[in-house]
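So the structure is just underneath, and the comments pick up after that.
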Amino acid sequence: KFWVKLGLSSVAPQVCASTSGASGTMSQPEGGVNVRKRETPEQSTTAAEGDASPSEIGRALKALRSDASVASAASASAFYPPCVPPPPDDFDALLPPMKECPPPSPFTALFRPPVDQATKYVVVSGGVCSSLGKGVTTSSIGALLRGHGFRVTAIKLDPYLNIDAGLMSPYEHGEVFVLDDGGETDLDLGNYERMMFLSLLRDNNVTTGKIYDSVIKKERRGDYLGKTVQVIPHITGAIIEWLDRTAQVPVDGSTLRPQICMIELGGTVGDIESMPFIEALRQLKFSLDERSLAWVHCSYIPDMSGQKTKPTQHSAKALLALGVQPDIIVCRSAQPLDQSTKKKISNQCNIPAARILSAHDVNNLFHVPKVLAEQHVVGLLNGVLGLDRLDITRSKVANSDGGLRSLDDWSKFAKQVDVADSSKEVIIAFVGKYNKGGSDAYQSVIAALHHSAVEMGRKLSVRWVDATDLEMPEVNSEKALQRVKDTEAVLRAADGIFVPGGFGDRGIEGKARAAGLAREWKKPYLGVCLGMQVAIIQFARDLLGLADATSEEFDKEKASRNHVIMYMPEISKETMGANMRLGARWVEFPNHATSLCAGLYGGAERVMERHRHRYEFNIAYKERFEAKGLIFSGQDEKKERMDVIELPPSEHPFYMAVQYHPEYKSRPGQPSPPFYGFVAAACDVGGIQEVVSACRSTGIKPHWTPFEL
């Protein structure tokens with residue numbers, strides 16, 4: 001009678017079975033969709049004639065939720081782990097469902113732009129100092145959420161006034177990461193793609209310059225109808241609209257929109273330039289339904305005769321002064337946080353001690369997901385956001401992308417990295433121009449080399465070589481000649497020589513000499529972008545007899561008659577920003593059955609890789625190069641642009657250079673094929689053909705084609 005009064009007689013047997021100890025099952029809709037949801041207000045309050053006390057209703061609803069939770073866990077545990085601990089759920093029974101909402105204020109749309117209510121947001125900010133690891137925290141949390149079956153996307157907010165990162169110095173800002181659509185973005189988007197196995201777009205990197213540019217263009221068009229354009233509400237409104245629009249775009253290879261959007265706020269809380277973003281995020285939170293946005297704040301705990309919490313206290317209070325209460329604090333420290341440290345932060349920052357997480361030093365960054373998972377970060381976010389209410393759809397991508405997904409996957413890969421780091425070294429001579437900028441200037445390249453070394457079970461050891469140290473001095477001084485000899489000795493002692501991309505003429509002769517020495521010494525060589533161009537230049541000088549062979553980029557005086565590298569005719573010379581051949585393009589292998597590069601891609605006839613260059617090989621010289629043994633094994637669809645060069649195995653064990661940037665698509669457990677082949681040759685130059693044969697037998701991996709999984 002009780003269930004009839006509630007109008008829920010159809011579910012009474014299941015609930016009774018659940019409460020009596022029987023295990024319930026949950027029906028699974030067609031398409032393999034696991035549904036984690038609670039009873040809707042309409043279902044729970046559709047009652048027949050009669051009364052039921054509030055306490056009885058509350059107990060009944062709680063029993064239903066308990067039964068649904070057990071059933072959901074039973075059906076989904078085979079594929080995705082549950083979100084634990086579950087969120088508190090006693091509050092809905094205490095509040096009667098609202099049948100009608102009050103009408104919105106006429107000014108609501110002005111100060112709180114309408115946004116999609118279905119998306120959950122996780123904001124990651126930083127305090128105390130920069131370089132705390134906000135990007136690693138964002139990527140690791142996103143990877144864990146992806147492992148629970150949620151569809152995830154990521155957005156980076158950069159407070160600088162540049163439109164994008166394309167023209168920023170690698171010494172100051174690190175590398176420029178190029179996306180499939182040609183967006184030149186912050187290097188953190190590379191972290192997101194590698195850890196969350198995504199393919200992001202240019203709108204996933206938001207800068208102050210982009211926001212102001214869009215607002216000013218609207219003002220010039222008259223979109224504001226003569227109103228005074230201000231930071232609030234127009235700039236903040238533009239940020240909210242951008243976030244809402246971008247958060248709905250699928251980036252995991254499926255056609256399903258993301259459920260959770262990770263947002264990293266660049267800079268440090270308290271910086272003047274980041275305040276509009278913080279205010280916009282504060283407004284965004286109140287534009288959404290309850291439990292739609294969680295704020296994770298990263299801070300630093302110095303150890304000076306004990307763990308000190310004062311910097312974290314001031315950082316959290318700076319955030320509170322801007323109207324934001326963080327839900328979780330992630331504390332960077334050398335050692336795990338003491339309980340007394342957590343308690344002190346909890347008392348001063350109005351956060352339960354369970355929501356203060358330790359992000360201490362680990363052997364490698366791939367341990368970070370496990371460190372956060374052991375502190376129940378997903379369960380805590382579940383309590384804040386109600387993630388167990390979201391649907392989980394098993395898409396083809398989840399089964400076919402080949403990426404690391406579960407916590408067990410990440411733990412195994414982290415152990416694999418530890419084993420590789422304790423093994424024999426493979427030494428790579430890295431002939432670069434921006435070495436003084438640290439590894440950030442070549443972050444994706446180092447990551448691709450590392451992925452490949454781990455796959456080979458070897459420890460990567462990079463010998464940084466400044467390209468200018470290989471250049472022969474114009475005046476024969478003993479000191480300069482000795483510097484060149486010492487640098488050549490470093491190259492000779494290395495297992496392989498790598499030449500990355502770059503712009504400008506500084507160090508060009510040194511890079512060209514490195515490519516020539518690798519060819520003469522039969523030492524494994526890989527060149528990327530500029531590394532391919534200098535290899536062509538040195539080949540022309542040594543084997544074609546063109547002593548003045550060079551690139552149009554380096555011959556401003558037009559002194560050379562042999563520009564074997566030429567400016568691309570369709571590229572404008574009037575502007576620089578975003579004015580290159582950018583983004584994902586097809587690379588075709590005409591002779592894929594014999595090509596070394598095609599073999600590393602599994603025998604593919606064509607692959608999709610990302611480009612970033614203004615200059616290209618002058619095809620007028622192609623026949624002369626081929627006559628001397630150089631193989632142009634990769635080209636564009638029109639067969640007008642050369643993308644890959646090789647030397648035949650009879651001439652050199654491994655000599656390859658590519659015009660595109662394969663490092664951008666390298667992933668943990670899925671190393672970029674050119675880098676993998678290069679490192680494999682450096683580990684065992686005599687066994688490279690066996691590696692190529694193994695790649696061909698494995699076949700083509702879908703990651704190297706557009707996301708058509």
Side-chain angles (χ1 to χ4, degrees), residues 420 423-432 442 445-463 465 490-500 511 514-529 531-532 534-535 538-539 589 591-592 594-604 607 609 629-631 633-634 643-663 666 670-698 701 704:
S423 302
K424 183 181 178 180
E425 288 185 340
V426 54
I427 302 173
I428 303 299
F430 196 108
V431 185
Y442 298 106
V445 172
I446 297 299
L449 290 170
H450 185 252
H451 297 160
S452 303
V454 171
E455 195 73 13
M456 294 300 299
R458 299 285 288 273
K459 179 181 180 180
L460 176 66
S461 180
V462 176
R463 298 289 188 267
V465 176
V490 173
L491 265 62
R492 191 180 288 275
D495 298 313
I497 298 175
F498 176 78
V499 177
K511 287 194 172 193
L517 292 173
R519 191 186 70 252
E520 293 173 12
W521 296 342
K522 311 293 185 184
K523 194 173 287 290
Y525 174 82
L526 178 63
V528 169
C529 196
M532 171 177 157
V534 295
Q538 194 65 32
F539 191 95
F589 300 105
N591 299 313
H592 60 92
T594 58
S595 167
L596 174 64
C597 189
L600 292 170
Y601 281 100
V607 295
E609 288 283 10
L630 190 64
I631 301 172
S633 59
D643 280 324
V644 184
I645 62 170
E646 306 171 7
L647 285 177
S650 59
E651 296 293 329
H652 196 289
F654 189 94
Y655 194 88
M656 180 191 300
V658 296
Q659 184 62 72
Y660 53 86
H661 288 265
E663 68 270 21
S666 185
Q670 294 183 8
S672 168
F675 280 92
Y676 176 61
F678 169 62
V679 173
C683 292
D684 180 13
V685 71
I688 183 60
Q689 293 304 320
E690 295 180 7
V691 172
V692 175
S693 298
C695 291
R696 287 186 181 275
S697 62
T698 301
K701 294 183 179 179
W704 313 115

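The first residue in the sequence is number 1, and the count goes up from there. Heavy atoms only: backbone and side chains are in, while hydrogens, waters and symmetry mates are out.
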inquiry  = What's the separation between atom CZ in F678 and atom SG in C683, rounded to the nearest 0.5 Å?
reply    = 10.0 Å

request  = Look up atom CG in L630 and atom OH in Y655, then write down how far apart they are to the nearest 0.5 Å.
outcome  = 8.0 Å

query = Can you check whether V445 reaches V528 side chain to side chain, under 4.5 Å on heavy atoms?
reply = no

key: Least distance between heavy atoms, H592 atom then A604 atom   = CB-O, 3.4 Å

key: F430 side chain near I446 side chain, heavy-atom distance below 4.5 Å   = yes

V692 and R696, any side-chain heavy atoms less than 4.5 Å apart = yes

ask   = Is a side-chain donor or acceptor of Y525 paired with a backbone partner of L517 at a separation under 3.5 angstrom?
value = no

key: Non-hydrogen atoms of P662 and E609 that approach each other most closely   = CA-OE1, 3.8 Å

request  = Could you tell me whether the side chain of W521 reaches within less than 4.5 Å of the side chain of R492, counting heavy atoms only?
outcome  = yes

key: Residue pair A514 / V499: nearest heavy atoms and the distance that separates them   = CB-CG2, 4.3 Å

inquiry  = Tell me every residue that passes salt bridge (charged side-chain N to carboxylate O under 4.0 Å, His left out) with R519, counting only those two or more places apart in sequence or in another chain.
reply    = D542

ask   = With no hydrogens and no angle check, is any side-chain donor or acceptor of R458 less than 3.5 Å from a backbone partner on E425?
value = yes

request  = Let me see the working for M656 and L600 under side-chain contact (heavy atoms from CB on, under 4.5 Å), right down to the final yes or no.
outcome  = CA-CA 12 Å; M656 180 191 300; L600 292 170; 3.8 Å; yes

Pair up each side-chain donor or acceptor in residues 644-653 with any protein partner under 3.5 Å, not counting sequence neighbours, and list the distances.
residue, atom, partner, partner atom, Å
E646, OE1, L596, N, 3.2
E646, OE2, S595, OG, 2.9
E646, OE2, L596, N, 3.4
E646, OE2, C597, N, 2.9
E646, OE2, S633, OG, 2.8
H652, ND1, F654, N, 3.1
H652, ND1, F654, O, 3.2
H652, NE2, A518, O, 3.0
H652, NE2, K523, N, 3.4
H652, NE2, K523, O, 3.2

query = Hey, does Y660 have a side-chain heavy atom less than 4.5 Å from the side chain of P674?
reply = yes

query = To the nearest 0.5 Å, how far apart are CE in M532 and CG in D643?
reply = 6.5 Å

Backbone of I427 reached by a side-chain donor or acceptor of D495 within 3.5 Å = yes

task = Could you tell me which non-hydrogen atom of Y442 sits nearest to which non-hydrogen atom of P500, and how far apart they are?
result = CE2-CG, 3.6 Å

ask   = Can you tell me how far CD of E663 sits from SG of C529, rounded to the nearest 0.5 angstrom?
value = 8.5 Å

request  = Provide the full list of side-chain hydrogen bond (donor to acceptor under 3.5 Å, both in side chains) pairs with a residue in residues 445-454, sequence neighbours left out, each pair given once.
outcome  = H451-S666

